[in-house]
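Quick caveat, the model's predicted, so the values are computed rather than measured. Every heavy atom of this structure was used, including side-chain atoms; hydrogens, water molecules and symmetry mates were not.
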Amino acid sequence: MRIAIYSNLGETSNIVATSLRKQIEKSQDLNIDGLNPEIVISVGGDGTLLSAFHHYQDISDKVRFIGIHTGHLGFYTDWRDYEVNDLVASLRNDNGQSVTYPLLDIKVNYVGGDSPDIGLALNESTLKQISGSMVADVYIKDFLFEGFRGDGLCVSTPSGSTAYNKSVGGAIINPRLNAIQIAEISSINNRVFRTLGSPLIVAPDEWIKIVPKSTNRTILTCDHQVITTRKMASVEYRISQKRISFAQYRHKQFWRRVSNSFIGEADLDD
């Protein structure tokens with residue numbers, strides 16, 4: 001089995017990554033391969049796993065991911081830094097088992113007819129204004145649903161619903177549901193401006209289109225990374241045909257993961 005190790009620069013992460021590499025190199029049936037891996041192991045936290053996903057995005061349909069967390073408990077990271085031996089044993093007994101999560105397709109259309117940009121998000125994409133309030137029309141399919149005014153909009157995947165989406169008041173969605181969600185970021189609601197004011201969950205055969213109307217530049221992000229600040233004609237979001245796969249050696253049940261991450265009273269064992 002070909003394995004890539006993707007680590008952050010933290011001291012603890014480097015120690016764990018070095019130990020993991022040495023154990024893999026000792027194994028006859030496991031090989032380090034950073035160019036064409038079958039398994040990608042991220043060492044750090046959720047941010048490291050997001051970076052690993054985007055690093056291997058072009059072959060994401062051919063790899064499975066595993067997360068080792070070396071600090072605070074991560075939502076995507078099932079293994080602790082002191083469990084390297086157990087993880088390597090699981091790798092040796094791998095039979096291809098996996099669990100998959102939905103991803104978010106992003107299409108950016110530019111003013112002037114320039115070629116559109118295409119993106120893929122594991123957690124979310126946001127539209128925000130560089131300064132002042134963002135004004136935008138929000139379409140669901142081809143129906144103009146509302147005119148938005150406020151700080152911005154967040155479109156998230158089910159697994160990403162526990163990330164930035166949750167902090168702006170979005171709902172948490174089980175990744176078994178093939179859906180995406182749009183949540184408002186500090187919308188302005190008064191006698192003149194009015195939005196629904198609630199997060200929306202969009203069905204698999206629907207899509208979201210946001211048409212910025214603001215005169216100031218709008219920032220588009222994907223998993224907290226800025227994609228563009230160029231003047232956009234519209235941004236379209238759909239549930240992707242691609243999915244991310246995690247090696248399911250001990251991938252925890254979703255609601256147990258949510259409870260453990262945010263409430264802290266759930267048993268770590270299944």
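- In terms of modelled atom types and a separation under 3.5 Å, the side chain of D33 and the main chain of N36 share a donor-acceptor contact.
- Legend: residues meeting side-chain hydrogen bond (donor to acceptor under 3.5 Å, both in side chains) with S159, ordered by chain and number and at least two apart, are Y76, T157.
- Residues L35 and I59 share a closest heavy-atom pair of O-CD1, 4.3 Å.
- With hydrogens and angles disregarded, no donor-acceptor distance shorter than 3.5 Å links the side chain of S125 to the backbone of A121.
- Screening residues 208-219 for salt bridge (charged side-chain N to carboxylate O under 4.0 Å, His left out), with sequence neighbours left out, gives D137-K213.
- Ring geometry for Y6 against Y56 counts as perpendicular: the plane angle is over 60°, on a 0 to 90° scale with 30° as the lower cut.
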Worked verdict on R230 versus D114 for salt bridge (Lys or Arg N to Asp or Glu O under 4.0 Å): CA-CA 11 Å; R230 294 164 58 191; D114 292 345; 3.0 Å; yes
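- Between the Q97 side chain and the N95 main chain, a donor and an acceptor come within less than 3.5 Å of each other.
- Within the structure, ring-ring contact (aromatic ring centres under 6.0 Å, His included) pairs that include any residue of residues 26-46 do not occur (at least two apart or interchain).
- Geometrically, R243 does not engage Y101 in a cation-pi contact defined by less than 6.0 Å to the ring centre and at most 45° from the axis.
- Distance alone, capped at 3.5 Å, places no donor-acceptor pair between the Q23 side chain and the L20 backbone.
- Distance alone, capped at 3.5 Å, places no donor-acceptor pair between the R238 side chain and the W207 backbone.
- By the 4.5 Å heavy-atom criterion applied to side chains, N165 and Q181 are counted as neighbours.
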